[in-house]
Amino acid sequence: MTKEEYQQATERLRIRLTDQARHYLKDDAEAEDAVQDALLRLWQMHERLQLPIDGLAVVLTRNICIDMLRRNKRWADVELADLSDDDSDHERIERLMAVIDTLPDFQQTLLRLRHIEGMEMEELATLLQMKEPAVRKALSRARMAVRDRYLKQKGNE
């Protein structure tokens with residue numbers, strides 16, 4: 001694909017890709033970032049591409065949006081709905097971090113790698129030399145421990 005063909009195709013697709021990204025991300029700035037990332041990736045392989053690139057661009061944008069959503073997801077797995085609303089978000093995070101500090105080292109490490117560093121399950125399994133289902137189970141147990149200790153601490157006040 002030539003430079004001119006790429007430019008024409010991306011000008012035609014840009015609005016569609018932005019609408020799609022906005023649908024996933026619910027934020028104009030993040031949607032623009034996702035589309036820019038997708039267009040950059042397409043440009044990096046433009047010499048190997050053939051027209052039409054619509055399908056590839058749509059799938060690439062969708063996957064980038066999903067990756068962004070996963071990266072931004074922090075502590076959503078801990079049931080914050082069960083926590084009372086009398087604390088500010090900052091106080092809740094401080095309490096959660098204090099609770100995490102009371103966990104065994106392995107659980108602390110696992111939670112921090114997954115939720116703070118944003119590592120994927122596959123990466124965790126490789127790093128910890130474990131199978132992915134075992135990592136999922138250990139992470140689930142660590143989350144339950146945090147939740148139980150947090151609620152117990154909250155009840156003691």
Side-chain angles (χ1 to χ4, degrees), residues 13 16-49 53-157:
L13 282 170
R16 178 178 172 194
L17 297 177
T18 305
D19 288 344
Q20 178 190 20
R22 202 174 292 126
H23 170 76
Y24 279 100
L25 302 172
K26 311 285 190 246
D27 181 79
D28 290 340
E30 285 187 9
E32 269 302 315
D33 290 345
V35 171
Q36 284 289 69
D37 193 14
L39 295 178
L40 175 63
R41 291 181 190 185
L42 287 169
W43 172 251
Q44 290 171 338
M45 60 177 129
H46 80 279
E47 293 172 348
R48 295 176 279 153
L49 295 177
I53 61 168
D54 300 32
L56 177 61
V58 167
V59 170
L60 188 58
T61 303
R62 182 193 68 211
N63 290 345
I64 289 169
C65 290
I66 291 169
D67 287 345
M68 290 173 76
L69 289 170
R70 285 180 180 158
R71 247 183 273 124
N72 292 337
K73 179 183 167 190
R74 291 188 184 180
W75 303 107
D77 297 318
V78 176
E79 291 290 329
L80 292 177
D82 291 342
L83 310 178
S84 75
D85 291 331
D86 58 353
D87 288 342
S88 70
D89 287 341
H90 181 71
E91 289 172 342
R92 275 191 213 148
I93 291 171
E94 284 182 2
R95 285 177 183 228
L96 283 172
M97 294 307 290
V99 168
I100 290 171
D101 288 340
T102 66
L103 295 175
D105 289 341
F106 177 72
Q107 288 183 334
Q108 285 183 38
T109 303
L110 196 57
L111 286 169
R112 287 188 171 115
L113 289 174
R114 175 68 176 152
H115 294 290
I116 296 173
E117 299 297 324
M119 291 182 77
E120 297 296 324
M121 290 294 179
E122 185 178 320
E123 295 173 302
L124 285 170
T126 303
L127 179 68
L128 299 171
Q129 298 176 346
M130 296 171 66
K131 293 186 179 187
E132 204 169 317
V135 172
R136 289 183 190 281
K137 186 64 177 177
L139 191 57
S140 175
R141 287 181 179 153
R143 289 176 184 146
M144 285 189 292
V146 168
R147 183 177 179 271
D148 292 344
R149 289 180 186 196
Y150 183 92
L151 292 174
K152 183 177 179 184
Q153 180 187 58
K154 191 77 170 159
N156 288 338
E157 290 182 352

Any chance you could measure Cys65, atom SG, to Gln20, atom CD, to the nearest 0.5 Å? 6.0 Å
Once salt bridge (Lys or Arg N to Asp or Glu O under 4.0 Å) is applied, what residue pairs with a partner in residues 37-48 remain, sequence neighbours excluded? Asp37-Arg41
Could you tell me which non-hydrogen atom of Met121 sits nearest to which non-hydrogen atom of Val135, and how far apart they are? SD-CG1, 4.0 Å
Spacing of CG belonging to Asp67 relative to OH belonging to Tyr24, to within rounding of 0.5 Å: 12.0 Å
Side-chain contact test, heavy atoms from C-beta onward, threshold under 4.5 Å: evaluate it for Leu13 versus Thr61 and give yes or no. no
Between Arg22 and Asp19 (salt bridge meaning N to carboxylate O under 4.0 Å), is one present in this structure? yes
Between CG of Leu69 and CD of Glu30, what distance do you get to the nearest 0.5 Å? 7.5 Å
Specify the closest pair of heavy atoms between Ala125 and Lys131, including all atoms of both residues, with the distance to one decimal. CB-C, 4.1 Å
Return the CD to CZ distance between Gln107 and Arg143, rounded to the nearest 0.5 Å. 11.5 Å
Reported OG1-to-CZ distance for the pair Thr109 and Arg114, which is rounded to 0.5 angstrom: 15.5 Å
Minimum heavy-atom separation for Leu96 and Tyr150, please, with both atom names. CD2-CD1, 3.7 Å
Any non-hydrogen side-chain atom of Phe106 less than 4.5 Å from a side-chain atom of Leu128? yes
Identify the two heavy atoms, one from Ala34 and one from Ala21, that lie closest to each other, and give their separation to 0.1 Å. CB-CB, 4.3 Å
Test your reading of the model: is there a side-chain donor-acceptor pair from Ser140 to the backbone of Arg136, 3.5 Å cut-off? no
Do you know the tightest heavy-atom contact between Leu139 and His115? CD1-NE2, 4.5 Å
Less than 4.5 Å apart, side chain to side chain, heavy atoms only: is that true for Ile100 and Arg112? yes
Residues in side chain to side chain donor-acceptor pair (under 3.5 Å) with Asp27, at least two apart? none
Is there a side-chain contact between Lys137 and Met130, using heavy atoms and a 4.5 Å cut-off? no
Rounded distance (nearest 0.5 Å) linking atom OG1 of Thr18 with atom CD of Glu32: 4.5 Å
Which heavy-atom pair separates Leu60 from Ala38 by the least distance, and what is that distance? CD2-O, 3.5 Å
Can you tell me if Lys26 has over 12 outside heavy atoms packed within less than 6.0 Å of its NZ? yes
Salt bridge between Asp101 and Arg149, side-chain N to carboxylate O under 4.0 Å? no
Run the side-chain contact (heavy atoms from CB on, under 4.5 Å) check on Leu17 and Leu39 step by step: do they pass? CA-CA 10 Å; Leu17 297 177; Leu39 295 178; 4.1 Å; yes
